[in-house]
Amino acid sequence: MRIVLDRRPEGVAMVDESGSATLVGEAELAAAVAEREAEHPRWVWTDTAQWYPSLLAAGVRVERCHDLKLLDALLALRAGRSPRRDWGAPRAVARGDALFELDDDAPASHLPNPGEVLAAQLREIAAQPNPRDVTVLAAAESAGALAAAEMQHCGLPWSVEAHDQLLTEALGPRPAPGARPERLQRLAEQVEQALGIGRVPIDSAAELVKALRRAGLDVSSTRSWELEQIDHPAIAPLLEYRSLYRLLTANGWNWLDEWVHDSRFRPVYVPGGVVTGRWATDGGGALQLPKQVRSAVVADDGWMLVVADAAQLEPRILAALAGDDAMARAGAGVDLYSGIVASGAVASRDQAKVGMLGAMYGGTTGESARVLPKLARAFPRAISYVEAAARAGERGETVSTRLGRTSPVPPASWRERQAAASAEGASESDARAARTDARSWGRFTRNFVVQGTAAEWALTWIAGVRQRLWRPERGSLPSQPHLVMFVHDELIVHCPEDDVADVTRALQEAAAEAARVVFGSTPVTFPVTVAAVRRYSEAK
DNA sequence: ATGCCAAGCGCC
DNA sequence: AGGGCGCTTGGCAT
């Protein structure tokens with residue numbers, strides 16, 4: 001049963017499939033949704049981020065939804081049209097402790113009629129060559145959007161005290177605004193002393209290159225990998241300065257002030273924010289949380305963090321996509337890369353890893369390129385699968401994930417350069433530029449099929465986990481085991497100590513289920529490593 | 001004041 | 001000549 005929520009001038013209409021509509025005032029919406037939730041409907045709404053946070057704030061958790069905006073983006077990509085942008089309604093966005101209303105002024109009467117949009121989407125899905133897959137993807141994406149709102153609502157448990165302590169240990173006490181922490185100041189002085197050319201503009205990359213060259217160091221940039229090659233007493237303190245400076249600016253006291261309140265970090269997740277189907281974040285940087293600060297993620301008293309990681313997710317996804325039985329056998333244990341070594345394809349785990357990553361990213365140089373032929377001999381199906389995706393991209397064609405997310409068509413400028421290069425009398429430099437472009441787009445489509453299908457697996461995993469965890473009789477979401485963090489192939493559940501075993505089982509069962517849902521029958525396994533810890537940093 | 005870009009580096 | 005991101009800073013343009 002689907003129930004469409006439609007915001008109208010006179011209130012919110014709840015329209016079920018029989019066409020019967022109930023009108024409720026905004027103030028009664030949460031109670032009305034809670035009442036109908038007992039029927040396990042799939043709520044249809046324009047945009048989960050518009051509707052769900054206020055329901056959660058009112059203590060209402062819903063099981064299923066259909067997010068029209070996410071589905072429109074997906075279907076538009078498949079059909080080669082632009083997604084519609086008139087979803088309009090104000091979206092309350094929590095950033096830090098403030099609530100920002102992003103109101104784009106669209107009058108309610110001009111908003112799309114969600115019932116009509118749904119009907120059109122269902123017709124469009126039914127007309128696809130793979131309607132079942134697209135339906136699964138629709139459900140998984142929508143479940144992910146629910147989970148994202150729930151994670152923001154519950155927040156990641158964060159110890160301000162532990163964070164402040166680690167900052168103080170690394171940098172020195174919090175300085176006055178605008179001042180340099182003691183440790184940074186000392187390192188900057190060490191760099192100046194070692195260079196012996198007076199003041200060094202250490203915070204400006206462009207100026208720093210000039211200064212280093214004046215001091216006789218042959219550098220073209222100040223990237224850490226380039227500096228590491230140089231034997232000079234200024235390098236070590238400079239690299240350390242860089243690392244600590246980054247800690248200060250990206251995840252220092254200012255970040256703490258802005259993003260952590262009431263012992264919770266509440267990032268804004270953006271489901272579907274990446275073309276491949278991965279999530280993005282809007283502020284807070286939750287998907288790039290440096291290992292340096294993970295010791296500040298601390299479970300509440302009496303609670304634990306259950307950290308689950310899908311082991312070598314992407315190569316396993318590739319093996320399943322390609323139906324590569326040999327790679328499936330190599331991945332039968334928990335460590336696929338060791339399995340590849342055991343198969344005799346390559347000599348070391350590092351070679352296996354670098355080689356597989358290169359195959360999926362399109363690496364063409366160094367160790368990765370040297371290992372690739374060996375992998376291609378041992379696992380021809382997997383390697384030719386990504387090669388085919390790359391060739392398609394080089395020709396300007398689109399590729400598709402397992403459940404049917406399609407890659408975008410290359411931009412007009414790309415197609416123009418290809419056309420120019422193949423035209424009569426094209427110059428050698430035009431041809432070279434076009435080849436470079438084509439290779440680059442091929443690397444994108446090569447990776448798209450793997451990264452995008454991995455995102456589908458992960459969304460399905462999330463959907464299964466949140467479904468298994470939920471116990472309505474145990475009260476509100478934050479008071480029972482709940483998801484608090486998702487990073488592409490990793491999930492964290494915050495739960496009472498006594499629930500660790502159940503949560504662990506839920507994470508593993510849902511992983512196995514995700515493989516069946518996404519791939520049907522596949523010999524490829526998707527092991528999940530699980531660690532129950534007090535602090536995130538203890539997980540690995 | 002505001003916007004945009006590049007550099008650099010964090011994550012997967 | 002390695003895929004996808006976000007974030008901060010400095011520096012230039014408007």
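Note that the structure is a prediction, hence the values are computed from the model and not measured. Numbers restart at 1 for each chain; the letters A, B, ... are given by sequence-line order, proteins then strands. Computed over heavy atoms, backbone and side chain alike; hydrogens, waters and symmetry mates excluded.
Looking only at atom types and distance, the side chain of A:Glu161 has no donor-acceptor partner in the side chain of A:Gln165 under 3.5 Å away. Using a 3.5 Å distance cut-off with no hydrogens or angles, the side chains of A:Tyr241 and A:Asp203 do pair a donor with an acceptor. In this structure, a donor-acceptor pair under 3.5 Å is present between the side chains of A:Arg242 and A:Thr222.
Here A:Glu207 lies in heavy-atom contact (under 4.0 Å) with sugar-phosphate atoms only. Counting non-hydrogen atoms under 4.0 angstrom, A:Val275 reaches the backbone sugars and phosphates but no base. Using a 4.0 Å heavy-atom cutoff across all strands shown, A:Thr222 reaches sugar-phosphate atoms only and no base atom. Across all strands, A:Ser224 comes closer than 4.0 Å only to sugar-phosphate atoms, never to a base (heavy-atom distances).
The nearest whole Å value for the distance from the CD atom in A:Gln292 to the P atom in B:dC9 is 13 Å. Spacing between atom CZ of A:Arg223 and atom C1' of B:dG8 amounts to 7 Å, rounded to whole angstrom units. For the pair A:Lys291 NZ and B:dC9 P, the computed distance is 17 Å after rounding to whole Å. One can place CG of A:Leu287 at 10 Å from P of B:dC12, the figure rounded to the nearest angstrom.
Side-chain proximity of A:Pro290 to C:dG4, C:dG11, B:dG10: nearest is B:dG10. The A:Asn447 side chain lies nearest to C:dG4 when the options are B:dC12, C:dG6, C:dG4. Of the candidate nucleotides B:dG8, C:dG2, B:dC11, B:dC11 has the atom lying nearest to any side-chain atom of A:Arg294. Picking from B:dC12, C:dG2, C:dG11 the nucleotide with the shortest atom distance to the side chain of A:Ser204 gives C:dG11. The side chain of A:Thr364 has C:dG2 as its nearest neighbour among B:dC12, B:dC9, C:dG2. Of the candidate nucleotides C:dC7, B:dC9, C:dG4, C:dG4 has the atom nearest to the side chain of A:Gln451. For A:Thr281, taking side-chain heavy atoms from C-beta onward, the closest of the listed nucleotides B:dC9, C:dG6, B:dC12 is C:dG6. Distance from the side chain of A:Ser221 is smallest for B:dG8 among the nucleotides B:dG8, C:dG2, B:dC12.
Interface remark: the A:Arg278 side chain does form a donor-acceptor pair with the B:dC12 base, using a distance-only criterion of under 3.5 Å.
Between A:Arg446 and C:dG3 there is no side-chain polar atom (N or O) within less than 4.0 angstrom of OP1 or OP2. Under 4.0 angstrom from either OP1 or OP2 of C:dG3 there lies no side-chain N or O belonging to A:Thr276.
Side chain of A:Arg535 to backbone of A:Ala296: no donor-acceptor contact under 3.5 angstrom is found. Of the possible donor and acceptor atoms, none in the side chain of A:Gln152 sits under 3.5 Å from a partner among the backbone N and O of A:Tyr269. Counting only distance, with no hydrogens or angles, the side chain of A:Gln351 and the backbone of A:Ala347 share a donor-acceptor pair below 3.5 Å.
Residues in residues 405-416 of chain A take part in these side-chain hydrogen bond (donor to acceptor under 3.5 Å, both in side chains) pairs, two or more places apart or across chains: A:Glu141-A:Arg405.
Only A:Tyr245, A:Arg246, A:Thr249, listed by number, bring a heavy atom of residues 236-252 of chain A to less than 4.0 angstrom from any atom of DNA chain C.
In the helix from B:dA1-C:dT14 to B:dC12-C:dG3, the terminal helix axes, each the rotation mapping four pairs' C1' atoms onto the next four within five end pairs, subtend 0°, rounded to 10°.
Ring pair A:His163/A:Trp255: centre-to-centre distance below 6.0 Å. Between A:Trp259 and A:Trp253, a ring centre-to-centre spacing not shorter than 6.0 Å is recorded.
The stacking criteria are not both satisfied for A:Tyr361 over the base of C:dG2, which would need a centre-to-centre distance under 5.5 angstrom and an angle between ring planes under 30 degrees.
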